[in-house]
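Computed over heavy atoms, backbone and side chain alike; hydrogens, waters and symmetry mates excluded.
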Amino acid sequence: MTPLIKIKRPTSEEVQKYTIEKVDKHYELQEVALNKLFTKTYPKNDDIDDILIKASSLNDFYSTKIFSIFPVAKHIKDLNIDKGLEDGDLSLVSKIASVNINGVNKKFYSFASKYCSHHKPEKFPIYDYYVDTMLKYFQKIDSFYKSKKMDLKNYETFCDVINEFIKFYGLGKFKIKQIDVYLWQLGKAAFPRNYKKKSKQ
């Protein structure tokens with residue numbers, strides 16, 4: 001696909017543009033609310049009520065389309081994730097993502113990365129469609145990731161790719177969360193979800 005906008009090489013100026021100038025104010029307020037919920041009001045994950053409130057809010061704000069949130073919340077509680085979050089255990093994302101709902105195995109990969117990230121944003125980058133799209137785009141242009149396979153649906157690999165992206169483009173002064181927002185915002189502008197529909201008009 002051809003991007004709808006001109007995509008410039010990732011630089012400090014570009015990251016700042018997409019994390020400061022182009023961030024929607026509603027998103028900023030939403031993130032403030034989620035950060036308060038996850039880090040101050042309910043920082044632990046040993047009470048089903050607390051987890052249910054956090055998971056429901058995240059599902060609603062990000063439209064992650066989980067239609068039955070209680071089994072997900074119970075699954076998170078049963079995993080006893082607090083020590084893993086503190087230690088930055090990346091395997092938590094795949095564990096949280098895999099949930100059995102009414103006998104059907106579901107995988108909520110993006111949601112799981114968001115849930116961990118809102119507890120520990122500098123240890124758990126967020127995976128979503130736009131971040132995936134932009135990383136693949138820059139890989140095609142510059143081959144910044146030297147390993148043979150760039151499997152972004154493997155969370156450990158995804159984190160490795162994010163770290164290599166930061167190193168390759170000299171973006172080490174930014175926090176992981178800022179890189180997340182940059183890639184997400186740029187992806188929305190360059191490759192919106194309704195891209196194909198628009199291009200046919």
Side-chain angles (χ1 to χ4, degrees), residues 14-90 92-97 99 101 106-134 155 158-159 162 166 171 173-189 192-194:
E14 283 295 294
V15 173
Q16 288 173 339
K17 181 170 74 174
Y18 281 93
T19 56
I20 298 175
E21 298 175 20
K22 294 183 178 292
V23 172
D24 185 274
K25 294 301 177 185
H26 290 107
Y27 168 77
E28 285 188 332
L29 293 173
Q30 170 183 302
E31 283 299 294
V32 169
L34 287 175
N35 289 340
K36 182 178 180 181
L37 193 64
F38 275 76
T39 64
K40 295 180 180 178
T41 309
Y42 304 119
K44 299 295 184 182
N45 294 278
D46 53 7
D47 186 299
I48 188 64
D49 295 340
D50 298 354
I51 299 170
L52 191 56
I53 290 170
K54 289 188 289 187
S56 297
S57 299
L58 198 64
N59 187 45
D60 181 59
F61 283 172
Y62 275 101
S63 300
T64 49
K65 299 179 181 179
I66 300 175
F67 300 110
S68 184
I69 202 69
F70 181 80
V72 177
K74 186 178 183 303
H75 173 64
I76 292 171
K77 182 180 183 299
D78 291 344
L79 287 172
N80 297 312
I81 66 172
D82 286 329
K83 186 178 185 304
L85 286 172
E86 196 62 40
D87 294 343
D89 180 1
L90 301 181
L92 282 182
V93 170
S94 60
K95 291 175 183 176
I96 291 172
V99 188
I101 300 179
K106 301 283 188 178
K107 190 167 185 179
F108 302 120
Y109 180 50
S110 181
F111 169 86
S113 73
K114 291 178 173 75
Y115 193 88
C116 291
S117 180
H118 278 82
H119 282 287
K120 300 292 179 181
E122 294 315 307
K123 294 179 179 179
F124 296 91
I126 288 176
Y127 171 89
D128 79 352
Y129 167 82
Y130 295 115
V131 174
D132 181 297
T133 300
M134 292 315 305
Y155 191 69
F158 171 69
C159 292
I162 288 283
I166 291 170
L171 303 174
K173 74 176 186 178
F174 295 100
K175 295 180 179 180
I176 290 288
K177 184 71 173 180
Q178 291 173 297
I179 299 299
D180 280 342
V181 174
Y182 159 66
L183 291 169
W184 174 63
Q185 290 280 89
L186 180 57
K188 283 202 302 178
R193 286 280 197 172
N194 57 349

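Minimum interatomic distance between Ile176 and Glu122 (heavy atoms only, all atoms of both residues): N-OE1, 2.8 Å. Taking each heavy atom of Ile126 and Phe158 in turn, the nearest pair found is O-CZ, 3.3 Å. Considering every non-hydrogen atom in both Tyr42 and Lys54, the closest pair reads O-NZ, 2.7 Å. Closest heavy-atom contact between Asp180 and Pro125: OD2-CA, 3.6 Å. Closest of all the heavy-atom pairs between Met134 and Leu183 is CG-O, 3.4 Å. Heavy-atom minimum distance, Ile96 versus Ala112: CG2-CB, 3.7 Å.
Here the side chain of Gln178 pairs no donor or acceptor atom with the backbone of Thr19 at under 3.5 angstrom. Side chain of Asp128 to backbone of Ser110: no donor-acceptor contact under 3.5 angstrom is found. Of the possible donor and acceptor atoms, none in the side chain of Lys36 sits under 3.5 Å from a partner among the backbone N and O of Thr41. At distances below 3.5 Å, not a single donor-acceptor pair connects side-chain atoms of Ser56 with backbone N or O atoms of Ile53.
By the 30° and 60° cut-offs, the orientation of the rings of Tyr27 relative to Trp184 is tilted. Taking the six-membered ring where the residue is Trp, Phe111 and Phe108 present perpendicular rings, their angle passing 60° and hence far from 30°.
The OG1 atom of Thr64 sits 3.5 Å away from atom CG of Asn59, with the distance rounded to the nearest 0.5 Å. One finds the OH atom of Tyr115 at 8.0 Å from the CG atom of Leu85 (value rounded to the nearest 0.5 Å). One finds the CD1 atom of Ile162 at 8.0 Å from the CD1 atom of Ile179 (value rounded to the nearest 0.5 Å). Distance check, rounded to the nearest 0.5 Å: SG of Cys116 to CG of Asp89 gives 9.0 Å. Atoms NZ and OG1, on Lys188 and Thr133 in that order, are 13.0 Å from each other to the nearest 0.5 Å.
In this structure, the ring-ring contact (aromatic ring centres under 6.0 Å, His included) partners of Tyr62, at least two apart in sequence or on a different chain, are His118. Applying the salt bridge (charged side-chain N to carboxylate O under 4.0 Å, His left out) test to Lys44 and every residue at least two apart in sequence or in another chain returns nothing. By the side-chain contact (heavy atoms from CB on, under 4.5 Å) test, Asp87 pairs with Lys83, sequence neighbours left out. Residues satisfying the side-chain contact (heavy atoms from CB on, under 4.5 Å) criterion with Lys77, sequence neighbours excluded, are Ile48, Ile51. Scanning for salt bridge (charged side-chain N to carboxylate O under 4.0 Å, His left out) contacts around Lys40 gives an empty result, with sequence neighbours left out.
Counting heavy atoms from C-beta outward, Lys17 and Gln185 have side chains that stay 4.5 Å or more apart. Side-chain atoms of Tyr182 and Gln16, non-hydrogen and from C-beta on, never get closer than 4.5 Å to each other. Side chains of Phe124 and His119 form no contact here, defined as non-hydrogen atoms less than 4.5 Å apart.
Under the 4.0 Å criterion applied to side-chain N and carboxylate O atoms, Glu31 and Lys177 are assigned as salt-bridge partners.
Within 6.0 Å of the CD atom in Glu86, the count of heavy atoms belonging to other residues, nucleotides or ligands does not exceed 12.
Taking the centre of each ring, Tyr127 and Tyr155 stay at or above the 6.0 Å mark.
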Under 3.5 Å donor-acceptor pairs involving side-chain atoms of residues 66-76, not counting sequence neighbours:
residue: Lys74; atom: NZ; partner: Asp78; partner atom: OD2; Å: 3.0
residue: His75; atom: NE2; partner: Lys95; partner atom: O; Å: 2.7
residue: His75; atom: NE2; partner: Ser98; partner atom: O; Å: 3.0

As a quick check of understanding, evaluate side-chain contact (heavy atoms from CB on, under 4.5 Å) for Leu79 and Leu92, giving each step before the final call. CA-CA 9 Å; Leu79 287 172; Leu92 282 182; 5.7 Å; no

